[in-house]
Structures are given as structure tokens and as C-alpha cells.
Peer 1: 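Below you'll find the structure I mean.
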Amino acid sequence: MAKTETKKVQIKLVGSLIGASPAQRKVVAALGLRKMNQVVEHAPSATIMGMVNKVSHLVKVVE
């Protein structure tokens, strides 16, 4: 039996949260990012991609 692997996207925090609005800070925290250059993996759902679009200037998506 072959395992079905779900696709994951890697999201990396590349911009500083200094000067970011409180709403942007909450979105970054909800993505699981705390430190610069930290990378997290999420399934590419509509919710996650919408969050990435909100803070697109702070994060980088690697597939």
C-alpha cells in the first residue's frame, strides 16, 4: 500500500515584526512563526494562503 502524501508548503519569516501592526503580528503568530528565518510547514488550505496574503511582505512561501 502506497502512502498518500499531502502537499505541504513551507512558510519562512523573512521580514521583521518591528513596526508591524498588531493585526499582522497576530497573523504571523497564528502561522506559528516566532523568529526571523524560522520555517514552518502547513497544508496549502484557503485559510493558510489567505493568512500568507495578509502578511506577504513579511513571509516567503517555498513549495
Side-chain angles (χ1 to χ4, degrees):
M1 294 177 70
K3 246 187 186 178
T4 58
E5 293 187 26
T6 59
K7 284 190 171 184
K8 299 276 186 174
V9 291
Q10 293 183 337
I11 303 168
K12 181 177 184 177
L13 182 61
V14 294
S16 174
L17 293 178
I18 297 173
S21 71
Q24 291 171 345
R25 290 174 189 250
K26 287 180 183 179
V27 169
V28 170
L31 285 170
L33 296 165
R34 291 186 206 100
K35 299 179 180 180
M36 290 285 296
N37 296 318
Q38 182 182 4
V39 178
V40 294
E41 286 189 355
H42 288 287
S45 67
T47 304
I48 296 296
M49 298 316 289
M51 293 167 74
V52 168
N53 285 338
K54 284 281 193 183
V55 291
S56 61
H57 58 289
L58 298 174
V59 298
K60 178 181 172 185
V61 176
V62 182
E63 295 192 29

Peer 1: Check this for me: Arg34, atom CZ, are more than 12 non-hydrogen atoms of other residues, nucleotides or ligands nearer than 6.0 Å?
Peer 2: no
Peer 1: Report all side-chain donor-acceptor pairs from residues 8-23 shorter than 3.5 Å, counting only partners two or more places apart or in another chain.
Peer 2:
residue : atom : partner : partner atom : Å
Gln10   : NE2  : Glu41   : OE2          : 3.2
Ser16   : OG   : Ile18   : N            : 3.1
Ser21   : OG   : Gln24   : N            : 3.2

Peer 1: With a cut-off of 3.5 Å and sequence neighbours excluded, list every side-chain donor-acceptor pair involving residues 45-58.
Peer 2:
residue : atom : partner : partner atom : Å
Ser45   : OG   : Ile48   : N            : 3.4
Asn53   : ND2  : Met49   : O            : 3.4

Peer 1: For Leu33, run the side chain to side chain contact (heavy atoms under 4.5 Å, CB included) check against Val27, Val39, Val40 and tell me which one passes.
Peer 2: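 Exactly one candidate clears the test, Val40.
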